[in-house]
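Inspection log for the structure reproduced underneath, given as structure tokens.
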Amino acid sequence: MKIAALVSGGVDSSVVVHQLKEQGYDPTIFYIKIGMEDEHGYVDCPSEEDIEITDYIAKKYGCKFEIISLHDEYWENVVKYTIESVRRGQTPNPDMMCNKLIKFGAFEQKYGHEFDKIATGHYATTTIVDGKTFLSTAKDKIKDQTYFLGQINYMQLSKLMFPIGHLLKSEVREIALQQKLPSATRKDSQGICFLGKINYNDFIKRYLGEQEGPIIELETGKILGKHKGYWFHTIGQRRGLELSGGPWFVVKKDMEQNIVYVANGYDPELQYGKTVKLRGFEFLTEDVWNGLPEERDILFKIRHTPDFTQGRIRKENDLYIIESTEKIQGIAAGQFGVVYDTEAKLCLGSGVIM
RNA sequence: UGAGCUAUGGUGUAACGGUAGCACUACAGUUUUUGGUACUGUCUGUCUAGGUUCGAAUCCUGGUAGCUCAA
């Protein structure tokens, strides 16, 4: 079986190679470059170290190694999507789109189609139910990354392998140490991948500029201060408002008038909601509810959090609507709502929060 | 050029004449493969010049600034 392993130079994907070799496979290693190094003078320093380590891994295990650039594809799809989403006042999720469009999209078209399987270092598993493959959660419930995979489709899913999905993070580190992999003690990556060390707000500013507008307390209509553009703030956000007498949380944005609305206190009611409306909902594997004629109990996430939230889902025309059991903080349009079964095992599908 | 009141970090506020504390912000870490949340930590202050006192943010005097009321 021909396997392509996507390796980034981090611990997780390094251990993926080890696991595959242990299982008797001989994967071809791909390092995907997507950074902004050639854009506008930005330099993506980490990639050099990443490539070095990946190269070392490839040599150590005697694997074919290819460095490929999907920079243009990434720019055309993910970065453009991110900027457009922010411009509309929404909260994008570039990393989910990266999985859907780049790692399992553009990569598949250009290189992956020659392979039988694509292996990645995601903390996720697959489960076969009635002969069909479902995305399912990782053994390590805290590191579980199925949320970020919620947007992929069945074709993509059925070609994927997650060799470390049944391991705990601590076990992965342990293996890396035992094998003396140079990435064993590297810090986990975090933050939007293509930005590297670039500050998010600087990035947004470069493309959308600044436009001063008022910060208004939603309950009273009082003007409390100024912001530099609604696109710098997201629903549920506390930091960056520079208002005293808080804490203040962003609860609403008026894109027409460039107003950011806030609410005060540690637990402002307005910060919470119970209804999450999803548009463009797609099942990952298949419609497990046969059109959802009546409400179903589910678990879901509206962000990448360690915890699942309980709720009930129903369908209204094209929309899937989740009524949460508990109040949830920071329901931000543009983020994805990912739905799981009541066991928190199978990842069923996802849609965009309205 | 009348009277009264107030002056404490970036902001809002505490401190019987006895170690200037708290909250928010900002910053830095932790957590997190999305600008979120949460958690931990750090910085910055007694308007000014004198005086009383062992000791002044506190009491007294002048100055300066602001607010209120009169005009």
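From a predicted model like this one, the values you see are computed outputs, not experimental measurements. Labels below follow one simple rule: chain letters A, B, ... track the order of the sequence lines, proteins then strands, and each chain is numbered from 1.
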Under 4.0 angstrom, heavy atoms only, what part of the nucleic acid is [X] near: base, sugar-phosphate, or nothing?
X       : result
T91(A)  : base
G240(A) : sugar-phosphate
Q271(A) : nothing
K205(A) : nothing

**Q.** Neighbours of RNA chain B within residues 323-338 of chain A, by heavy-atom distance under 4.0 Å
**A.**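 Of all residues in residues 323-338 of chain A, the ones placing a heavy atom under 4.0 Å from RNA chain B are Q329(A), Q335(A).
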Q: Tell me which residues in residues 298-307 of chain A put a heavy atom below 4.0 Å from RNA chain B, sorted by number, or none.
A: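 Nucleic-acid contacts, sorted: R303(A), H304(A).
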Mind calculating the distance between [atom1] ([X]) and [atom2] ([N]) to the nearest angstrom?
X       : N      : atom1 : atom2 : value
I102(A) : U34(B) : CD1   : C1'   : 15 Å
L241(A) : A23(B) : CG    : P     : 20 Å
Q151(A) : U34(B) : CD    : C1'   : 13 Å
Y81(A)  : U34(B) : OH    : P     : 13 Å
Y123(A) : U33(B) : OH    : P     : 9 Å
I215(A) : U25(B) : CD1   : C1'   : 12 Å
K222(A) : U11(B) : NZ    : C1'   : 13 Å
E242(A) : U11(B) : CD    : P     : 13 Å

Q. Residues two or more places apart in sequence or in another chain: which of them pass salt bridge (Lys or Arg N to Asp or Glu O under 4.0 Å) with E286(A)?
A.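 If we apply the salt bridge (Lys or Arg N to Asp or Glu O under 4.0 Å) test to E286(A), skipping adjacent residues, the hits are K132(A).
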(Q) Please compare N99(A) and L243(A) by the position of their nearest nucleotide in RNA chain B and report the one closer to 5'. (A)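 Of the two residues, L243(A) wins.
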Q: Nearest-nucleotide wise, let me know which of G89(A) and S244(A) is further upstream toward the 5' end of RNA chain B.
A: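 Closer to the 5' end of RNA chain B: S244(A).
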Q. Under the 4.5 Å side-chain heavy-atom rule for ILVMFWY, direct or indirect, which residues accompany L292(A)?
A.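 Noted: L292(A) shares its cluster with V129(A), F134(A), V276(A), L278(A), F281(A), F283(A), V288(A), W289(A), I298(A), F300(A), I302(A), I313(A), Y320(A), I322(A), I328(A), I331(A), V339(A), L346(A), L348(A), I353(A).
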Integer angstrom distance from the [atom1] of [N] to that of [M]:
N      : M      : atom1 : result
A20(B) : C47(B) : P     : 15 Å
A57(B) : A71(B) : C1'   : 35 Å
A14(B) : U68(B) : C1'   : 25 Å
U31(B) : A23(B) : C1'   : 24 Å
A70(B) : U11(B) : P     : 31 Å
U13(B) : U6(B)  : C1'   : 14 Å

Q | R238(A) side-chain proximity, nearest of U37(B), U34(B), U33(B) | A |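 That would be U37(B).
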Q | Residue Q237(A), side-chain atoms from C-beta onward, closest of U34(B), G36(B), U33(B) | A |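 Closest nucleotide to the Q237(A) side chain: G36(B).
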Q: Provide the full list of ring-ring contact (aromatic ring centres under 6.0 Å, His included) pairs with a residue in residues 235-262 of chain A, sequence neighbours left out, each pair given once.
A: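 Every pair satisfying ring-ring contact (aromatic ring centres under 6.0 Å, His included) with a residue in residues 235-262 of chain A: there are none.
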Q) Yes or no on ring-ring contact (aromatic ring centres under 6.0 Å, His included) for F148(A) and H304(A), after CA distance, side-chain angles and deciding distance? A) CA-CA 7 Å; F148(A) 288 106; H304(A) 178 237; 4.7 Å; yes
**Q.** Check against side-chain hydrogen bond (donor to acceptor under 3.5 Å, both in side chains), D26(A) and Y61(A)
**A.** CA-CA 9 Å; D26(A) 184 27; Y61(A) 290 100; over 6 Å; no
Partner set under side-chain contact (heavy atoms from CB on, under 4.5 Å) for [X], not counting sequence neighbours:
X       : answer
E242(A) : none
L208(A) : I83(A), V86(A), R87(A), I204(A), W231(A)
P214(A) : I216(A), I223(A), H227(A), I259(A)

Q: Write down the atom of F65(A), the atom of A58(A), and the distance for their closest heavy-atom approach.
A: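 Shortest heavy-atom separation between F65(A) and A58(A) comes out as CB-CB, 3.6 Å.
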Q) What pairs with F30(A) under ring pair (Phe, Tyr, Trp, His ring centres under 6.0 Å), at least two apart in sequence or on another chain? A)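 So F30(A) forms a ring pair (Phe, Tyr, Trp, His ring centres under 6.0 Å) with F107(A), Y111(A), F115(A).
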Q.
Under 3.5 Å for both pairing distances: what stems, at least three Watson-Crick or G-U pairs long, include RNA chain B?
A.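 If one scans RNA chain B for consecutive Watson-Crick or G-U pairs, the stems found are B:2-7 with B:64-69, B:10-13 with B:21-24, B:26-30 with B:38-42, B:47-51 with B:59-63.
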(Q) Taking salt bridge (charged side-chain N to carboxylate O under 4.0 Å, His left out) as the cut-off, I'd like each qualifying pair that reaches into residues 111-131 of chain A, sequence neighbours left out, listed once. (A)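 Counting only pairs at least two positions apart or across chains, no salt bridge (charged side-chain N to carboxylate O under 4.0 Å, His left out) contact touches residues 111-131 of chain A.
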Q.
Tell me whether K277(A) at atom NZ has more than 12 heavy atoms from other residues, nucleotides or ligands lying less than 6.0 Å away.
A.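 Result for NZ/K277(A): open.
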(Q) Please list all pairs meeting side chain to side chain donor-acceptor pair (under 3.5 Å) that have one or both residues in residues 146-163 of chain A, counting only residues at least two apart or in different chains. (A)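 Of all non-adjacent pairs touching residues 146-163 of chain A, those that pass side chain to side chain donor-acceptor pair (under 3.5 Å) are K100(A)-Q151(A), E108(A)-K159(A), D144(A)-T146(A), T146(A)-Y340(A), Q151(A)-S350(A).
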Q) For U33(B), does OP1 or OP2 lie under 4.0 Å from any side-chain N or O of K103(A)? A)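 K103(A) to U33(B) OP1/OP2: no side-chain N or O under 4.0 Å.
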